[in-house]
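Numbers restart at 1 for each chain; the letters A, B, ... are given by sequence-line order, proteins then strands.
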Amino acid sequence: MALLKQLARTRAPCWFLLRKQFFLSLCRRGVISSGMASDLSEITRFDFLVVGGGSGGLAGARRAAELGAATAVIESHKLGGTCVNVGCVPKKVMWNAAVHAEYLHDHGDYGFETGDVRFSWETLKAKRDAYVSHLNRIYRNNLDKAKIQTIQGYARFTNDREPTVEVNGRKYTAPHILIATGGQPSVLSDAEVPGASLGITSDGFFELETLPKRSLVVGAGYIAVEMAGILSTLGSKTSLIIRQTGVLRNFDAFISANCTKELQNSGIDLWKNSQVKSVSKTDKGLEVTVVTKDPEKKNDEEKISTIQGVDCLLWAIGRQPNTAGLNIGEMGVDTDERGHIIVDEFQNTSRSGIYAVGDVCGRALLTPVAIAAGRKLAHRLFEGKKDSKLDYACIPTVVFSHPPIGTVGLTEEEAIKTRGKENVKIYKTSFTPMYHAITSRKSQCIMKLVCVGKEEKVSVISSPDNRL
Amino acid sequence: MAALYRGRHRWKRINCLHIFSRKLTGENDYDLLVIGGGSGGLACSKEGEVLSLLFLNFSRGIFEEPANNMITFLLWLVYSITPGVFSRPTMAEAVQNHVKSLNWGHRVQLQDNKGHSESLLTNIVIATGGRPKYPTNIPGAAEHGITSDDIFWLKKSPGKTLVVGASYVALECAGFLKGIGLDTTVMVRSIALRGFDQQMAGLVTDYMEAHGTRFAWKSVPNRVDKLSSGALQVTWTDTQTGSEHKDTFDSVLWAVGRAPETKALGLDKLGVQLNKETGKIVIGPDESTSVPNIYAFGDIGEGRPELTPTAIKAGKLLARRLTGQSTELMNYDNVPTTVFTPLEYSCVGLSEEEAEKRHGKDGIEIYHAFYKPLEFTVAERDASQCYIKVVCEQGGTGKILGLHFTGPNAGEVAQGFAVGFQ
């Protein structure tokens with residue numbers, strides 16, 4: 001009956017799609033229930049509906065499917081999300097390339113005569129893109145193998161009573177819906193900074209076809225540091241514009257200071273206490289006007305400088321959640337002032353039956369965190385593990401600077417704040433890694449252990465050698 | 001000075017002894033006497049804050065370590081500018097003389113202080129380490145072959161090399177020789193990396209073989225002859241088939257084990273118990289030997305891991321105990337170690353075999369995965385041997401008994417986890 005109604009409404013080309021959809025729906029357990037007969041004709045029902053096919057969404061979907069849930073994933077772009085396509089993976093490939101460039105400098109010291117070595121961004125990009133595509137295919141295969149339905153398109157919550165999502169005119173619902181739509185780089189509008197749109201973000205970095213000759217990176221977070229490092233090491237003359245005096249301000253001060261120093265030592269032109277005032281296009285490239293004012297020197301006037309011939313202006317000033325087009329307000333899902341979905345420790349949003357994991361929640365924007373949270377949620381929803389949740393304490397993270405930084409746990413400042421200075425003991429060391437024993441190029445390794453209490457429980461390990 | 005020690009010397013024959021001493025009297029001017037200026041010895045004496053009497057054996061090992069180098073060099077310098085003050089007895093004689101003098105002093109003191117509970121003894125710590133062994137039953141082995149001591153001093157490339165042995169030293173040397181482009185063969189008597197997890201050992205050697213290192217498995221060398229061309233001809237037997245083989249090499253590197261430097265010390269005369277097989281000093285958990293007030297640690301201790309960080313830590317703790325600052329013993333469990341083969345291998349805790357032995361096959365659970373390092377993807381390198389294995393207790397808390405990792409930077413990776421094992 002329902003099938004006849006469906007077929008009657010459709011045109012020929014869609015018929016096959018609907019037939020496949022219907023077939024697949026029949027294949028799922030408990031898809032069509034008698035209770036839904038009245039509005040079934042338009043809505044496909046699943047046990048678990050995931051909006052966003054990135055790290056968090058896919059991990060949650062796959063684990064749910066393994067536990068027996070009929071699952072579908074909705075993705076508007078490419079499977080793998082930010083991590084695989086414009087984040088972790090291509091970034092790491094570029095960083096590895098930069099490491100090769102650094103090693104090339106050391107070859108002579110190690111006894112290798114390498115002569116003139118040329119670098120081809122085009123070759124690297126082609127191989128990088130091929131690897132990313134390969135991962136897209138693997139992710140798709142994994143979903144297919146797990147019998148998870150992949151729905152291509154943008155999702156938007158409807159006004160239906162039961163939380164329902166619409167994609168390309170079709171509706172989907174489930175008693176459990178996971179929002180894992182991730183985030184995107186923040187940009188300044190042309191109203192805020194004239195000519196801001198002449199710059200690119202990290203997304204655009206991965207579309208660059210050639211190595212820029214002159215780069216300007218704006219920002220002091222890890223993305224800015226990594227982008228500037230990669231560009232500079234691969235041969236682009238690079239400047240980094242930061243609003244205050246150091247990079248990685250949320251990291252332990254020891255790490256932040258060392259990173260800032262190493263950046264400068266590596267040849268990156270660091271502009272402290274500076275901001276971009278305007279950008280304009282000339283026939284020689286972009287002209288960027290920078291305002292510098294040292295807050296310590298209150299009587300000094302602000303200094304205005306112009307950097308010319310910039311062929312790559314990269315804004316790395318933060319990231320914002322992808323919640324704008326979802327229409328989640330309609331569902332009663334609360335967000336903070338920046339649009340992040342507010343969740344409790346179990347990833348529940350303010351609307352029963354709707355959950356969120358990953359970058360869209362704004363906490364610990366890391367792939368392994370999203371994956372772990374997604375899986376824990378799947379176990380809680382589909383395996384009855386009521387207490388299944390992710391512990392967000394002591395999450396390790398790495399900044400792929402040169403040298404790279406690895407850190408886990410509290411910073412010294414946080415430890416002192418929470419436990420009191422008298423309860424905190426610091427162990428520090430600084431040395432030149434043996435690798436540099438015979439190179440003319442030197443780099444420092446620093447390590448810090450923040451220990452609390454009588455047992456000296458380790459709170460943090462910070463080290464510019466990320467493998468540790 | 002350093003020039004005197006270049007070239008291929010047989011250190012057993014030339015034992016240079018440099019003594020730096022303030023006063024050698026019957027009285028106990030020194031609390032701590034450390035014999036051996038390597039990783040362990042220096043750490044121990046530095047911690048004891050009494051660089052009173054430091055016997056230095058100018059081995060090449062020391063010259064490789066810039067930090068240790070400085071202290072050693074300074075002491076050598078002091079000696080060299082005060083000629084004639086000291087003679088050059090063999091180490092054995094000197095130790096014996098000093099111990100005798102101490103014993104005399106000790107006896108005198110005890111007689112004088114009847115009932116005094118305070119110890120007035122000088123403690124002697126032996127940290128003389130070990131040396132690579134030469135096979136004794138293979139003609140031409142010593143004359144024509146070299147060891148790891150020599151490989152770091154060669155001015156010329158060793159050329160086509162045969163590495164005899166399958167210890168980590170053998171595989172590491174073979175690894176870097178092949179890595180810089182030399183034709184390299186490894187001759188293995190039975191198994192590789194004895195004592196290590198054998199599955200992991202297999203991955204390490206598989207990788208080396210796949211990347212061009214030749215392996216002569218289950219083979220033992222019979223003789224080494226020098227040809228008129230200067231090349232070395234090695235004859236060996238494949239013990240599986242019984243057939244004999246010959247080949248020529250530019251260098252033969254013996255990596256068949258390390259032996260402690262105890263003979264020269266004349267420890268038997270002092271009554272210090274040695275392990276008959278290995279020749280190493282038998283020690284207790286507090287590094288004590290069978291003779292009161294004589295301690296030993298580091299490579300020379302029987303059953304101890306031959307690792308620098310372990311020796312350093314043990315030395316420091318020993319110095320603290322001997323100077324009355326603490327009672328803490330060295331914990332030798334779960335010491336992480338890394339094999340720097342072309343495919344790096346690092347481990348902490350028990351091997352799968354050891355875990356099975358202790359807990360039974362059903363008492364353990366293994367978590368494992370082959371993986372592909374991102375560094376290998378763009379370069380399309382074969383990652384078939386990149387692998388992670390975690391050996392856990394079955395049931396209970398699933399406590400991790402051992403962790404094994406092969407892949408780039410394995411050592412750095414394992415270090416972080418090793419902290420968790422403590």
### B/Y367 OH: over 12 foreign heavy atoms closer than 6.0 Å
no

The reported gap from OG1 in B/T377 to NZ in A/K92 (rounded to nearest 0.5 angstrom) is 9.5 Å

Residue set satisfying salt bridge (Lys or Arg N to Asp or Glu O under 4.0 Å) with B/D250, at least two apart, ordered chain then number -> none

| task | Check the surroundings of atom NZ in B/K389: do more than 12 heavy atoms from other residues, nucleotides or ligands lie under 6.0 Å from it? | result | yes

Across all chains, not counting sequence neighbours, the salt bridge (Lys or Arg N to Asp or Glu O under 4.0 Å) partners of A/E226 are A/K91

- Message: Using side-chain heavy atoms (C-beta onward) and a distance below 4.5 Å, is B/L374 in contact with A/N96?
- Response: yes

Here the gap from A/K127 atom NZ to B/E380 atom CD, rounded to the nearest 0.5 Å, amounts to 4.0 Å

